[in-house]
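Structure first, then comments.
To find a chain, count down the sequence lines: A is the first, B the second, and so on, and within it residues start at 1. When reading the values below, keep in mind they use all heavy atoms of this one structure, side chains included, and skip hydrogens, waters and symmetry mates. Just so it is clear, the structure is predicted and the values come from calculations on it, not from any experiment.
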Amino acid sequence: MAEVPEKPSDFIREIIARDNETGKFGQRVHTRFPPEPNGYLHIGHAKSICLNFGIARDSGGLCNLRFDDTNPTKEEVEYVDSIKEDVRWLGFDWEDRLFYASDYFGKLYEYAVQLIKAGKAYVCDLTADEIREYRGTLTEPGKESPYRDRSVEESLDLFRRMREGEFPDGSRTLRAKIDMASGNINMRDPVMYRILHAEHHRTGSKWCIYPMYDYAHCVSDSLEGITHSICTLEFEDHRPLYDWFLDELKAYHPQQIEFARLNLSNTVLSKRKLIRLVREGHVKGWDDPRMPTISGFRRRGYTPEAIRNFCDRIGVAKRDSTVEAALLEHCIREDLNKRVPRAMAVLRPLRVVITNCPEGREEELEAVNNPEDPSMGVRKVSFSKVLYIERDDFREDPPKDFFRLAPGREVRLRYAYFITCTGFVKDPATGEIVELQCVYDPATRGGDSPDGRKVKATLHWVSASRALPAEVRLYDYLFLTAEPSGPAEGDFASSLNLNSLETLTSCYVEPGLRDAAPGSRWQFERQGYFCVDPDSGDERLVFNRTVTLKDTWAKIEKKQKKH
RNA sequence: UGGGGAGUCGUCCAAUGGCAGGACGGCAGACUCUGGAUCUGCUUAUAGGGGUUCGAAUCCUCUCUCCCCAGCCA
């Protein structure tokens, strides 16, 4: 019985509990998940989604879904659609609270005018390069823009004309008037608005000036009545600016709280790098089962429950960290083990002839669907003279501790009979073993020996006459190193795992899988969890390996090879 | 060298002045018609130096290391 760990708690929930005690927000809790629709969601976003929606759920509060769509040159509807689908699939519901920062463009403009009038913002004519020069460096203060002290009237007029479309892209900006000497570079008169004559996926060509993140985000939070604005660590030194805008605007003021983003071993989680994997063809798309995207995990066979459980178990803190992929794998195995039916599938077939079995005989044997859950019932599997077993399950010269089939050895065929290997056929040219000859013991029908005889291994198998051909795709880590983006690594391409996908095209699965629905999940006994890929059709069965079963023998063998 | 953060088992997270604990991994064993699952045991950590205190991961202090910031990206 896997029990729920202790109730998940973290420093953010502690802050919220304290705020509820002091009545800072009048016992109200309202969070938001604010993705930019410029890419697909990944497991790092899942952490944020589980945090924000989870906090709302646990505290009787609300969580909004808000698209941070302030940069029309990077954002697309394809991404907003995928993001909505992924959040829903993860099991969260924003009800009627679907918002877009672009909903607030009008309000944002009015607030900007208010800041200009208060002498807290000005239109600047410096070019992008000049702004950079004037900004100073990490250790030297910046210089004030020559336009900084232009009159309120002139800035007002220019800002209006920026909006009217009188000026070309990049020719002017609206800047907050803060402090060019601040140690915090974000406070050195940050740009609030830039001119972008670009079509926006929602507002079309209505606007040609677009607000910057720092300005749009805090105002959006404020307008939505967010209480706790949870974001990642890199925004920590943006918080003074978040606070500055809202204070100067005398607007409702949420609390920004930062936590450490998720890093997962053997993969990358930055949008820039994920988009490279897609564009450079290292994977087949955003939903390639090797991708750490929500859509990739979905196609790979992961469940929302397993992902949510993972997000609960990794915790929330402020320290940079990289979670081992083994924990995610543990979560998905734990979930699938309880709920998924078993089946037998032979991935790398080796032909076995049962020499004492009559030609043409077909026999139905009973197999358990899930030993973890008797309520899932039983099914029939057919046994006949010619079978397939896994090539790995036979060794001509078995090494130490190899329990499986070898010349003269007896093993059990799962739910069927004990068989003993009496001979084998080798291809004289290649030395490859092409067929095994075995005899079965009719007294062991069902897999039990009446004389109490023990056998050290149980093999999965399929009947050659009834098995269905299938394609099986085996996935491995995308990267060979635990931290492909870590300080010690160069370009991530150098640590790419060139063997992250292995496609097996001559597999056989038991006949009951004929109508397995796309997306349906199975455990192939002794091998792992698999799901039906959408590439499957009437003519073709395609399975993705979600995760292997733990494999003690593989571990022993690996150790033996080392010595 | 400016500003902002962070240092606890291999990894992730707890312990908020009172026995450093859990999970994953690893190792060993039990059980098993999946070398699966399950169960049991073991292993290993407070970055370093000073100080306060009966008592410090926790408070003070100095040092070291790591991460983020110089987009008209978010």
Given RNA chain B, 5'-ward residue of the pair A:Glu36 and A:His330, judged by closest heavy atom: A:His330
Presence of A:Thr127 side-chain N/O under 4.0 Å of B:rC72 phosphate oxygens OP1/OP2: no
Length of the line joining A:Glu140:CD and B:rA70:C1', which is rounded to integer Å: 11 Å
Presence of donor-acceptor pair under 3.5 Å, side chain of A:Arg404 and base of B:rG35: yes
Secondary structure of RNA chain B in dot-bracket form (Watson-Crick or G-U wobble, distances below 3.5 Å, | marking inter-strand pairs): .((((((..((((....[..)))).(((((.......)))))....(((((..]....))))))))))).....
5' priority, RNA chain B, between A:Leu328 and A:Glu234 [closest heavy atom]: A:Leu328
Distance-only donor-acceptor test, A:Glu236 side-chain atoms vs B:rG3 base atoms, 3.5 Å: no
Protein proximity profile, nucleotides 11-17 of chain B - base contact B, sugar-phosphate-only contact S, no contact -, cut-off 4.0 Å on heavy atoms: SSSSSB-
Side-chain donor/acceptor of A:Gln523 to base of B:rU34, under 3.5 Å: yes
Reported CG-to-CZ distance for the pair A:Asp69 and A:Phe105, which is rounded to 0.5 angstrom: 5.5 Å
Sugar-phosphate, base or nothing in reach of A:Asp401, heavy atoms under 4.0 Å: base
Minimum-distance nucleotide (side-chain atoms of A:Arg132 versus B:rA37, B:rC27, B:rA70): B:rA70
Lys/Arg-Asp/Glu bridge criterion (N-O < 4.0 Å) met for A:Glu234, A:Arg261: yes
For B:rG71, glycosidic torsion class - syn if within 90° of 0, otherwise anti: syn
Name the pairs: protein N/O against N/O of nucleotides 43-47 of chain B, kept only if under 3.5 Å.
none

By side-chain hydrogen bond (donor to acceptor under 3.5 Å, both in side chains) - contacts of A:Arg276 (at least two apart): A:Glu280, A:Asp491
Within the 6.0 Å centroid threshold, strictly below: A:Tyr40 and A:Tyr79: yes
Partners passing ring pair (Phe, Tyr, Trp, His ring centres under 6.0 Å) against A:Tyr193 (at least two apart in sequence or in another chain): A:Phe159, A:Tyr215
Closest to the A:Lys550 side chain, choosing from B:rC72, B:rA70, B:rG36: B:rG36
Ring centres under 6.0 angstrom apart (A:His238, A:Tyr242): no
By salt bridge (Lys or Arg N to Asp or Glu O under 4.0 Å) - contacts of A:Asp221 (at least two apart): A:Arg32, A:Arg66
Nucleotide nearest A:Arg342 when distance is taken to its side chain, options B:rC69, B:rG36, B:rC27: B:rG36
Ring pair (Phe, Tyr, Trp, His ring centres under 6.0 Å) against A:Tyr100, all qualifying residues, sequence neighbours excluded: A:Phe67
Neighbours of RNA chain B within residues 183-194 of chain A, by heavy-atom distance under 4.0 Å: A:Gly183, A:Asn184, A:Ile185, A:Val191, A:Arg194
Which residues share a salt bridge (Lys or Arg N to Asp or Glu O under 4.0 Å) with A:Arg161, sequence neighbours left out: A:Asp157, A:Glu166
Between P of B:rG35 and CD of A:Gln527, the distance in whole Å: 11 Å
For A:Arg404, salt bridge (Lys or Arg N to Asp or Glu O under 4.0 Å) partners two or more places apart: A:Asp393
Summary of side-chain hydrogen bond (donor to acceptor under 3.5 Å, both in side chains) pairs that have at least one residue in residues 453-463 of chain A, sequence neighbours excluded: A:Ser384-A:Ser463, A:Glu390-A:His460, A:Glu410-A:Arg453, A:Arg412-A:Thr458, A:Asp441-A:Arg453, A:Asp451-A:Arg453, A:His460-A:Arg526, A:Ser463-A:Ser465
Rounded distance (Å) that lies between atom P of B:rG4 and atom CG of A:Leu138: 13 Å
Presence of A:Arg526 side-chain N/O under 4.0 Å of B:rG35 phosphate oxygens OP1/OP2: yes
Integer-rounded Å distance: B:rG35 P and A:Leu549 CG: 9 Å
A:Phe167 six-ring face occupied by A:Arg172 cation (under 6.0 Å, within 45°): yes
Where A:Phe418 and A:Thr444 come nearest, the two heavy atoms and their spacing: N-OG1, 2.9 Å
Set of residues satisfying side-chain hydrogen bond (donor to acceptor under 3.5 Å, both in side chains) with respect to A:Arg194, sequence neighbours excluded: none
A:Glu525 side chain, from C-beta outward: closest of B:rG2, B:rA74, B:rU34: B:rU34
